[in-house]
There are 2 protein chains.
Amino acid sequence: MARPRTFDEDSALDAAMRTFWEKGYEATSTQDLCDATGLGRSSIYNTFKSKHDLFERVLARYVDSMTAAQLAVLEDIRRTPVDRLRALFAMVVDGETGAERRPGGRGLGCLTVNTTVELAARDPRAAEMLDRDTRRRLTVLRAVIGEGQRDGSITSRREAGALARFVNAAIAGMRISSQGGADRAALQSVADITMDALTA
Amino acid sequence: MARPRTFDEDSALDAAMRTFWEKGYEATSTQDLCDATGLGRSSIYNTFKSKHDLFERVLARYVDSMTAAQLAVLEDIRRTPVDRLRALFAMVVDGETGAERRPGGRGLGCLTVNTTVELAARDPRAAEMLDRDTRRRLTVLRAVIGEGQRDGSITSRREAGALARFVNAAIAGMRISSQGGADRAALQSVADITMDALTA
DNA sequence: CAAGTTTTGTACCGACCTATCCATAATCAA
DNA sequence: TTGATTATGGATAGGTCGGTACAAAACTTG
């Protein structure tokens, strides 16, 4: 039909994702996005309507892949419910203390949490995406926790939904702690104590 | 000696604080700060060296007042250690669900958490202020928790320091949850379950 | 090859950004 | 009243912002 693209859209989204993730939405300029993706302004604006549209695409991609990975762990029927929760926490700890650490040894945090802080209050579209994602994760978390309550491995008598929100909040708290400089051992102990609330 | 100021510096700092708190550092323009404080650009730049300097002053003021209020609760010798922790959580719940809610019913969050997410990685001075504040709060939290362990009201055998980091992370998680739209009951149940980890 | 279509690079736009300059106003000390 | 000093308002500088216009390039189809 016509001249084909010389770049891969998903790769561009990944590059943009890293930039938004590290710097935040406001602090990322369109020039930063050109540099990160290696694309010219025309290619970016020809492919995405605007900086904000690109960000929405990035956020959707991030949320999908991140939640998919978490749900894969939570729905792994080869493990017990408690083991799945432990594996979820291990993912978070690894993610925050992996190869890509920021200058000063801080974790990258999570684009979901970062966007909740920076944009949720004044960007309804971003807020809606985050809400949907949170509900999705909470639903599965509640199911896993309910299963653990039924098989006796989770001894807390609290409502499964409340425990799910607690686990979700604990993960967010771990990510904030990591961005605040907490090391791997500190994050792991927060995860361990979070599990205490369910099993002790 | 010379012409006196016609405004109160602390009031200006409070007005600027609300703006940075609601919009974040990057999204707040110097014009926003003029509007919020009612001052002209000259007065702002004559009183504070720059937008960033003003932000540092704001952050210092916020951190001091916020932590002072929390430490007052944590060091209230009329209460038992567990009661102090419950009162601390009540402060957080009230703060996130008080009169000042954002459009969409979301909590304001906490300038400390917001700044950790937005700036800690690339603003060493802000990061240092946040670090000092976190250490200060963790020290007192650990002391209270240790006291509770000695008097038997906190039954967890985990290290007091680890429990302190856990409580700190839980509070951050509650603030993120609030900004994500969690209501008062949801926040309270997260607080309750957090206490379970210490006392159950 | 030629016509048609899309991508790409470059130059550019107006708006807004942080910050400064400077003239004027307001105060105090003498 | 006068001189020194600081505060204030308005204009503006210099740069960057997100976004666009346009022509050349690169491809497909006939």
Side-chain cluster (under 4.5 Å, hydrophobic types only) that B:I176 belongs to, other residues: A:V113, A:V117, A:I176, B:V113, B:V117
With sequence neighbours excluded, residues passing side chain to side chain contact (heavy atoms under 4.5 Å, CB included) with B:R142: B:A160, B:A164
Selection residues 16-27 of chain B - residue pairs positive for salt bridge (Lys or Arg N to Asp or Glu O under 4.0 Å), sequence neighbours left out: B:K23-B:D32, B:E26-B:R122
Residues A:D83 and A:R78 bridged, charged N to O under 4.0 Å: no
Residues in contact with DNA chain D, drawn from residues 48-61 of chain A - heavy-atom cutoff 4.0 Å: A:S50, A:K51
Residues which pass salt bridge (Lys or Arg N to Asp or Glu O under 4.0 Å) with B:R79, listed by chain and number, not counting sequence neighbours: B:D76
Any A:S29 side-chain N or O less than 4.0 Å from OP1/OP2 of D:dC17: yes
Outermost DNA chain C nucleotides near chain B [under 4.0 Å, heavy atoms]: C:dC17 to C:dC28
Near-strand residues of residues 4-25 of chain B, defined as heavy-atom separation under 4.0 angstrom from DNA chain D: B:P4, B:R5, B:T6, B:F7
A:Y45 six-ring centre to A:K51 NZ/CZ under 6.0 Å and within 45° of normal: no
Bending between helix ends of the helix from C:dC1-D:dG30 to C:dA30-D:dT1 [5 pairs per end, 10° resolution]: 10°
By salt bridge (Lys or Arg N to Asp or Glu O under 4.0 Å) - contacts of B:R57 (at least two apart): B:E9
Under 3.5 Å between N/O atoms: give me all the protein pairs with nucleotides 10-13 of chain D, atom names plus distance.
unit_1 : atom_1 : unit_2 : atom_2 : d
D:dG10 : O6     : B:S42  : OG     : 2.8

B:Y25 and B:F55 aromatic ring geometry - parallel, tilted or perpendicular at 30°/60° bounds: perpendicular
Residue pair A:F166 / B:V190: nearest heavy atoms and the distance that separates them: CD1-O, 3.9 Å
Ring pair (Phe, Tyr, Trp, His ring centres under 6.0 Å) partners of residues 107-139 of chain A, not counting sequence neighbours, each pair once: none
Sugar-phosphate only, base, or nothing, as touched by A:S43 at under 4.0 Å among non-hydrogen atoms: sugar-phosphate
B:Y62: partners by ring pair (Phe, Tyr, Trp, His ring centres under 6.0 Å), with sequence neighbours left out: B:W21
